[in-house]
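When a ligand or atom number is given, it counts from 1 through the structure's own listing order.
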Amino acid sequence: MNSMVTIDRHILEEERSVPGATGAFSDLLYNIALAGKIIHREVNRAGLVNLLGKTGDINVQGETVAKLDDYANDVLVNTLSQGGRVCVIGSEECENVIHPATVGPDAKYVVHFDPLDGSSNIDANVSIGTIFSISERVTPLNTTPTEADVLQPGTRMIGAGYIVYGSSTIMVYTTKKGTVNGFTLDPSVGEFLRSHQNIRTPERGKILSCNVGHAQYWEPAVERFIRSVQTEDKQKGTPYTLRYIGSLVADVHRNLLYGGIFLYPPNIRGSLHRGKLRLLYEANPLAMVVENAGGLASTGEGRVLDLQPTALHQRTPLYIGSKQDVLEIERLIRDQSPEERG
Ligand code: AHG
Ligand code: MN
Ligand code: MN
């Protein structure tokens with residue numbers, strides 16, 4: 001790696017370009033990067049220290065909790081509580097919002113996170129990650145945060161990103177400023193170094209990422225889309241290649257760099273649902289990153305970031321990635337007859 005720009009320096013440079021910045025937002029990003037390093041360390045030695053496996057608990061989503069889910073959740077809650085900048089936290093692992101132990105008089109940030117995404121992959125050494133979003137509270141400082149603070153649409157995020165614990169550990173984040181940058185952890189010096197500057201995602205991709213095991217439950221538009229990318233075509237070129245890790249964060253990161261589309265459609269047959277992925281701490285932050293890199297994120301009917309959340313653990317259908325691919329699936333969904341939509 002040639003870059004000698006640490007994430008701290010990058011955050012500081014960005015802060016200097018924002019008139020009136022107090023450093024509070026930078027502080028928050030440092031703390032998230034610190035949490036990422038601590039989780040990285042534990043993920044890398046998990047097999048050695050008996051952290052692999054399940055705790056025996058079932059979380060709010062009805063899923064079994066991996067020990068590392070719990071660990072990552074605690075690390076994030078603790079680091080975000082430092083400095084008293086955060087007034088309320090939403091986590092995939094906690095049924096209710098968390099009120100940090102220390103809340104300073106200027107605690108204006110609302111943070112949501114998925115502490116470990118793809119945790120079913122942990123025990124097999126497959127890439128997993130942390131996803132986070134940052135918004136500003138809408139209620140006055142020094143009051144108890146309310147639903148209005150917790151349930152804000154994605155368009156109100158001021159920062160979002162993720163950390164993938166993969167063949168290397170990388171933190172990618174974006175802010176209102178609009179650029180997306182990636183920082184790879186150099187474990188020998190313990191620093192995230194800028195490795196991917198101003199990431200732009202291809203307009204059209206070559207990768208299709210979805211769990212085809214669920215195809216029988218999907219609406220016809222999704223089948224039509226999949227068939228269309230399996231066929232050689234003048235516009236799209238050779239057929240797409242299928243890549244599905246089963247860790248949303250790693251699938252989206254790969255597609256961000258290479259171009260492609262990740263889809264998790266609603267089930268309109270069988271076990272009916274409106275999508276599996278959670279809006280506030282999975283879909284929204286990834287949508288902000290992908291859109292700031294030139295891609296799109298859709299519910300199939302509109303922009304993910306425009307959705308008004310109604311619950312902390314709300315789920316949404318998700319079509320995310322290269323712009324042309326996402327526009328195409330939106331068009332196919334729109335063109336269905338009402339009967340086909342189920
Ligand atoms: P989590 O590990 O945080 O519960 O999230 C799991 C999610 C997501 O990462 C992944 O894309 C999806 O579940 C995979 O679901 P399927 O097994 O249904 O494909
Ligand atoms: Mn997840
Ligand atoms: Mn998770």
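- Of all protein heavy atoms, the one lying nearest to atom 9 (O) of ligand 1 is Asp117 OD1, 2.7 Å.
- Closest to atom 7 (C) of ligand 1 by heavy atom, among Asp251, Leu277, Val249, Thr130, is Leu277.
- Judged by distance alone, with hydrogens and angles left aside, the side-chain atoms of Gln336 form a donor-acceptor pair with the main-chain N or O of Ile333 at under 3.5 Å.
- In Ser119, the parts holding a heavy atom less than 4.0 Å from any atom of ligand 1 are both the side chain and the backbone.
- One N or O on the side chain of Arg315 and one on the backbone of Lys276 form a donor-acceptor pair closer than 3.5 Å.
- Counting the atoms of ligand 1 from 1 in the order shown, those under 4.0 Å from a heavy atom of Tyr244 are 11 (O), 14 (C), 15 (O), 16 (P), 19 (O).
- The atoms of ligand 1 that sit less than 4.0 Å from any heavy atom of Gly118 are 1 (P), 2 (O), 3 (O), 5 (O), 9 (O).
- Remark: the Arg303 side chain and the Thr155 side chain contain no N/O donor-acceptor pair separated by less than 3.5 Å.
- Of the residues Leu34, Ile134, Ile7, the one that meets the side-chain contact (heavy atoms from CB on, under 4.5 Å) test with Leu29 is Ile134.
- In terms of polar-atom proximity, defined here as any N/O pair under 3.5 Å, Ser120 makes no such contact with ligand 1.
- The distance from ligand 1 to the heavy atoms of Leu248 drops below 4.0 Å at these ligand atoms: 8 (C), 9 (O), 10 (C), 11 (O).
- Protein N/O/S atoms closer than 2.8 Å to the Mn ion (ligand 2): Asp114 OD2, Asp117 OD1, Glu282 OE2.
- The option from Val212, Asp114, Asp69 that lies nearest to atom 3 (O) of ligand 1, judged by heavy atoms, is Asp114.
- Annotation: salt bridge (Lys or Arg N to Asp or Glu O under 4.0 Å) contacts of Asp335 (sequence neighbours excluded): Arg331.
- Residue contacts with ligand 1 for Leu116 involve N, CA, C or O but no side-chain atom from C-beta outward (heavy atoms, distance under 4.0 Å).
- Asp117 places none of its side-chain heavy atoms less than 4.5 Å from the side chain of Tyr281.
- For ligand 1, the atoms lying closer than 4.0 Å to a non-hydrogen atom of Glu282 are 3 (O), 5 (O).
- Classified by interplanar angle (parallel below 30°, tilted 30° to 60°, perpendicular above 60°), the ring pair His253/His196 is perpendicular.
- No side-chain donor-acceptor contact under 3.5 Å links Ser127 and Arg254.
- Salt bridge Glu136/Lys176: absent, no basic N to carboxylate O contact under 4.0 Å.
- For atom 10 (C) of ligand 1, the closest heavy atom belonging to the protein is Gly246 O, 3.3 Å.
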Please walk me through it: do Val222 and Tyr319 pass side chain to side chain contact (heavy atoms under 4.5 Å, CB included)? CA-CA 10 Å; Val222 181; Tyr319 304 89; 3.8 Å; yes

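- Listed by atom number, the atoms of ligand 1 under 4.0 Å from Tyr264 heavy atoms are 15 (O), 16 (P), 18 (O), 19 (O).
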Hey, mind stepping through Val249 and Ile128 against side chain to side chain contact (heavy atoms under 4.5 Å, CB included) and telling me if it holds? CA-CA 7 Å; Val249 66; Ile128 50 180; 5.9 Å; no

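- Remark: ligand 1 atoms within the under-4.0 Å shell around heavy atoms of Arg278 are 1 (P), 3 (O), 4 (O), 5 (O).
- Distance from atom 13 (O) of ligand 1 to its nearest protein heavy atom, with residue and atom name: Lys276 NZ, 2.9 Å.
- The closest side-chain donor-acceptor pair between Ser298 and Glu330 falls under 3.5 angstrom.
- Between Tyr264 and His214, the ring planes are tilted. Angles from 30° to 60° get that label.
- For a threshold of 3.5 Å applied to N or O pairs, the pair formed by Phe262 and ligand 1 contains no separation below that value.
- Between the side chain of Asp251 and the main chain of Gly246, a donor-acceptor pair closer than 3.5 Å is present.
- At least one N or O atom of His214 sits closer than 3.5 Å to an N or O atom of ligand 1.
- Here is the list of ligand 1 atoms found below 4.0 Å of a heavy atom in Asn211: 16 (P), 17 (O), 18 (O), 19 (O).
- Which parts of ligand 1 touch Ser247 is read off a 4.0 Å heavy-atom cut-off, strictly below it: atoms 9 (O).
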Test log, rule side-chain hydrogen bond (donor to acceptor under 3.5 Å, both in side chains), inputs Ser247 and Asn121: CA-CA 7 Å; Ser247 299; Asn121 280 321; 2.8 Å; yes

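- The protein heavy atom nearest to atom 4 (O) of ligand 1 is Glu92 OE2, 3.2 Å.
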